[in-house]
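Take this structure first; my questions come after.
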Amino acid sequence: NAGVTQTPKFQVLKTGQSMTLQCAQDMNHEYMSWYRQDPGMGLRLIHYSVGAGITDQGEVPNGYNVSRSTTEDFPLRLLSAAPSQTSVYFCASSYRVGVPSYEQYFGPGTRLTVT
Amino acid sequence: EDQVTQSPEALRLQEGESSSLNCSYTVSGLRGLFWYRQDPGKGPEFLFTLYSAGEEKEKERLKATLTKKESFLHITAPKPEDSATYLCAVLSTYYGNNRLAFGKGNQVVVIP
């Protein structure tokens with residue numbers, strides 16, 4: 001199994017550009033989520049999904065969209081990039097919902113810089 | 001507001017020198033506390049879940065414990081490969097919704 005994969009690994013955007021961060025898992029996990037990690041701050045939840053067709057907002061959802069059309073994929077869309085979205089983004093998955101959802105497998109991350 | 005505080009922020013240990021990391025929290029309705037390990041440039045790796053005060057979990061040289069206000073991650077006789085940042089996260093309920101809060105991490109360097 002490849003686990004959780006994320007592409008691209010690095011990305012530089014100009015303010016106002018849009019892009020999609022890709023996330024895929026091959027473990028048939030129900031629960032998937034997106035986090036951002038900033039220096040001096042803990043990981044913060046952006047959006048999550050408890051199954052195909054079901055998504056919900058996390059702690060910092062503004063400026064981001066998600067969809068979950070398949071169990072495997074959970075892309076994160078930046079609608080109009082802003083410098084405040086410069087961060088490292090992690091996708092994570094877990095094989096069940098409820099409290100164990102947070103026993104997560106994380107991807108390697110995407111380092112995004114917005115100029 | 002839920003708060004998760006990890007201390008010390010950074011720790012340098014000699015190989016074999018046991019120590020403990022602290023994660024203190026103020027939340028309402030604790031549902032679980034999680035420990036992760038993160039290596040530089042990589043995503044966090046799940047280590048433990050603790051559900052109730054008094055619970056303990058072990059894995060190799062790591063042992064996690066939980067009280068009503070804090071959790072400890074004990075590192076016994078550490079090796080250089082235990083060098084990493086250790087993240088604590090607390091899951092609580094707030095008006096029926098789950099909320100997960102991460103601490104900023106404990107950065108551990110083990111010197112041979």
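Just the heavy atoms: all of them, side chains too, but no hydrogens, waters or symmetry mates, feed the values below. Just so it is clear: chains get the letters A, B, ... in the order the sequence lines come, proteins before strands, and each one is counted from 1.
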Passing option when B:Leu66 is tested against B:Phe48, B:Tyr51, B:Tyr25 for side chain to side chain contact (heavy atoms under 4.5 Å, CB included): B:Tyr25

Toward chain A, the part of B:Glu9 with a non-hydrogen atom under 4.5 Å: neither

Donor on one side chain, acceptor on other, A:Tyr35 and A:Gln104, under 3.5 Å: yes

Student check: side-chain heavy atoms of A:Gln25 and A:Thr71 closer than 4.5 Å: yes

Portion of A:Gln37 that has a non-hydrogen atom of chain B nearer than 4.5 angstrom: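 Contact with chain B is through the side chain of A:Gln37 alone.
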
Hphob cluster co-occupancy, A:Tyr105 + A:Val50, side-chain heavy atoms under 4.5 angstrom: no

Which portion of B:Tyr36 sits near chain A, non-hydrogen atoms under 4.5 angstrom: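 Contact with chain A: side chain only.
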
Region of A:Leu43 that comes under 4.5 Å of a non-hydrogen atom in chain B: both

Heavy-atom pair count under 4.5 Å with chain B, highest-scoring of A:Ala92, A:Gly40, A:Gly109: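 Max contact count across the listed options: A:Gly40.
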
Part of B:Leu87 lying under 4.5 Å from any heavy atom of chain A: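 Only the side chain of B:Leu87 comes within 4.5 Å of chain A.
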
Side-chain H-bond candidate by donor/acceptor type, B:Ser20 with B:His74, under 3.5 Å: yes

